[in-house]
2 protein chains.
Amino acid sequence: MTKYTNQDRFLIAVDCIIFGFDGEHLKLLLIKRGFEPEKDKWSLMGGFVGPQESLDNAANRVLTQLTGLEGVYLEQIQAYGDPLRDPIERTFSVTYFALIDINKYKMQITDQYHAEWFLLKDAPKLIFDHGAMVENAKKKIRYKAALHPILFELLPKKFTIPQLQNLYEDVYNTSIDNRNFIRKLTSTGLLIKLPEKDKSASKKGAFYFKLDKKKYVANFQAFLNFIPNPDKLISG
Amino acid sequence: MTKYTNQDRFLIAVDCIIFGFDGEHLKLLLIKRGFEPEKDKWSLMGGFVGPQESLDNAANRVLTQLTGLEGVYLEQIQAYGDPLRDPIERTFSVTYFALIDINKYKMQITDQYHAEWFLLKDAPKLIFDHGAMVENAKKKIRYKAALHPILFELLPKKFTIPQLQNLYEDVYNTSIDNRNFIRKLTSTGLLIKLPEKDKSASKKGAFYFKLDKKKYVANFQAFLNFIPNPDKLISG
DNA sequence: AATATTAAACGTCAAACTAACGATTAATAT
DNA sequence: ATATTAATCGTTAGTTTGACGTTTAATATT
């Protein structure tokens with residue numbers, strides 16, 4: 001009794017939908033695929049799962065390979081298993097989304113992967129079912145961020161209110177009343193105001209804030225409602 | 001170029017967390033595993049994914065095998081891939097939850113699988129990581145049902161308000177004020193009152209209702225809030 | 001020195017929603 | 001006649017929502 005008999009075995013990959021924010025727009029990190037089929041076409045960063053790796057391990061490895069970053073926020077989205085999704089050989093893929101601060105991404109432009117940041121709307125056509133994976137990831141991040149404070153993962157440790165509001169506005173492609181936004185934010189108690197200001201983006205400068213880690217963890221699972229009328233915005 | 005070289009291939013299974021409701025309690029359908037390892041231990045119903053099957057196909061097949069039902073509500077939850085989760089051979093598993101009306105489950109007691117309904121709290125210890133899978137499925141169903149009207153899938157076509165309220169109370173292990181519940185329900189416009197009554201559960205009898213299918217579909221993705229203070233109840 | 005620009009700190013207000021609870025009527029098995 | 005469950009009407013205080021008004025602060029630009 002060492003193996004299951006008469007069963008087929010398949011390749012298993014992970015693919016990462018890597019979201020980044022630069023203070024203004026939400027972006028997507030894509031690579032030019034390095035091998036056949038579809039060599040040099042735009043693709044999600046992915047990789048086959050190795051024999052000793054868990055799915056989470058594989059996703060983290062793939063992400064670190066591309067970005068040099070560790071400890072990034074990573075969450076499993078969904079498994080894809082259409083028999084024909086990869087024309088060469090049947091391959092299952094488990095998708096993850098990653099949230100990173102673009103300014104942390106300083107990968108050497110040795111650039112084994114020819115990675116590039118794209119605005120969500122300007123993203124090129126992707127190989128296989130990667131386009132559908134990205135659409136799904138966008139829905140997921142919107143859904144989750146309407147209820148949980150995950151978007152902070154896209155910001156540096158110190159961030160300003162205008163940055164945060166830009167982020168929410170970009171994710172939901174909407175405009176938010178600044179006074180209501182601040183009121184809702186402060187009511188969460190999640191933010192700690194710092195004495196310093198960011199003067200790069202405006203004349204007056206905007207105060208930096210940081211997350212109250214304890215409250216962040218405590219409130220993470222709570223149902224919040226950061227976004228007015230998310231039901232009108234979300235369609236998946 | 002017919003295959004990817006130098007990569008390992010693995011078994012892939014689907015496992016179904018089958019929830020059922022009998023008008024009083026939410027239950028879980030488990031089977032006695034029919035083969036080694038862990039033969040005759042309680043387990044989720046699952047099966048290996050075949051070479052021509054998508055994941056959804058495989059989950060539907062497995063569900064039909066066990067229950068004889070087709071067209072059941074089935075939703076992918078998550079992929080599990082710990083290298084040691086199956087001691088015989090590395091096997092990935094993609095979990096699905098199914099929602100069915102227990103009274104529809106009339107599988108012949110030929111009972112190839114020795115299936116049995118368990119109250120959620122009375123469920124036995126399960127093989128491998130199936131216990132964790134069930135816990136996760138419980139969180140998922142609570143989360144989803146707080147925002148989307150999925151629990152109707154657990155009821156017969158004709159159901160009564162008391163049945164529906166029992167269901168919500170059982171899923172969230174809470175008690176709900178009947179007057180507020182009805183008000184919230186009717187405000188969704190999802191229910192159509194039928195002239196008949198169910199007299200099996202009470203002396204007065206309770207009117208049957210059916211779903212307004214069109215409104216059901218239209219409202220399915222909306223963020224609702226069926227449950228007071230779900231943030232106090234949900235912890236995953 | 002005046003101006004333009006952005007940040008942010010107050011506030012107002014009507015409408016909607018929430019949760020908790022009161023009272024009453026209806027149907028029927030016992 | 002009584003007990004039980006279903007269902008329909010409330011009420012009410014408190015909170016949340018979204019829309020919008022006003023004012024002050026800081027500073028780079030002119």
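Throughout, a chain's letter reflects where its sequence line sits, starting with A, and its residues are numbered from 1.
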Notebook entry, point to check: By ring pair (Phe, Tyr, Trp, His ring centres under 6.0 Å), which residues pair with B:Phe159, not counting sequence neighbours?
Noted result: B:Phe152

Next item on the list: With sequence neighbours excluded, tell me which residues meet salt bridge (Lys or Arg N to Asp or Glu O under 4.0 Å) with A:Lys157.
Entry: none

Notebook entry, point to check: Under 4.0 Å between a side-chain N or O of B:Lys184 and OP1 or OP2 of C:dC17?
Noted result: no

Item checked: Nearest-angstrom distance from the residue atom CG of B:Leu185 to P of C:dC17 -> 15 Å

Checklist line | Atom-pair distance (OH on A:Tyr208; P on C:dA7), nearest Å | finding: 13 Å

Next item on the list: Would you check if the side chain of A:His130 reaches a backbone N or O of A:Ser43 as a donor-acceptor pair within less than 3.5 Å?
Entry: no

Next item on the list: May I have the distance from A:Asp177 (atom CG) to D:dT16 (atom P), rounded to whole angstrom?
Entry: 18 Å

Notebook entry, point to check: What residue among B:Arg33, B:Lys32, B:Met45 forms side chain to side chain contact (heavy atoms under 4.5 Å, CB included) with B:Tyr113?
Noted result: B:Met45

Item checked: C:dA19: pairing nucleotide in any strand, Watson-Crick or G-U under 3.5 angstrom -> D:dT12

Next item on the list: Return the value, rounded to whole Å, for the distance between atom NZ of A:Lys193 and atom P of C:dA7.
Entry: 13 Å

Note to self: Once ring pair (Phe, Tyr, Trp, His ring centres under 6.0 Å) is applied, do any residues pair with A:Phe21, and if so which ones, sequence neighbours excluded?
What the structure shows: none

Next item on the list: Can you tell me the distance, in whole Å, between the CG atom of B:Leu191 and the C1' atom of D:dA7?
Entry: 14 Å

Checklist line | Partners passing salt bridge (Lys or Arg N to Asp or Glu O under 4.0 Å) against B:Asp129 (at least two apart in sequence or in another chain) | finding: B:Arg85

Margin query: Rounded to whole Å, please give me the gap between CD in B:Gln163 and C1' in D:dA7.
Written below: 16 Å

Next item on the list: Report the distance from atom CD1 of A:Ile176 to atom P of D:dA19, rounded to the nearest whole Å.
Entry: 11 Å

Item checked: Protein proximity profile, nucleotides 22-30 of chain D - base contact B, sugar-phosphate-only contact S, no contact -, cut-off 4.0 Å on heavy atoms -> ---BBBS--

Margin query: Would the base of C:dA20 count as contacting B:Asn180 through its side chain, where contact means a donor and an acceptor less than 3.5 Å apart?
Written below: yes

Note to self: Going by the rule salt bridge (Lys or Arg N to Asp or Glu O under 4.0 Å), which residues pair with A:Lys193 if we only count those two or more places apart in sequence or in a different chain?
What the structure shows: none

Notebook entry, point to check: What's the CD1-C1' distance between A:Ile161 and C:dA9, to the nearest Å?
Noted result: 12 Å

Checklist line | A:Arg183 or A:Phe207, whichever maps to the more 5' nucleotide of DNA chain C | finding: A:Phe207

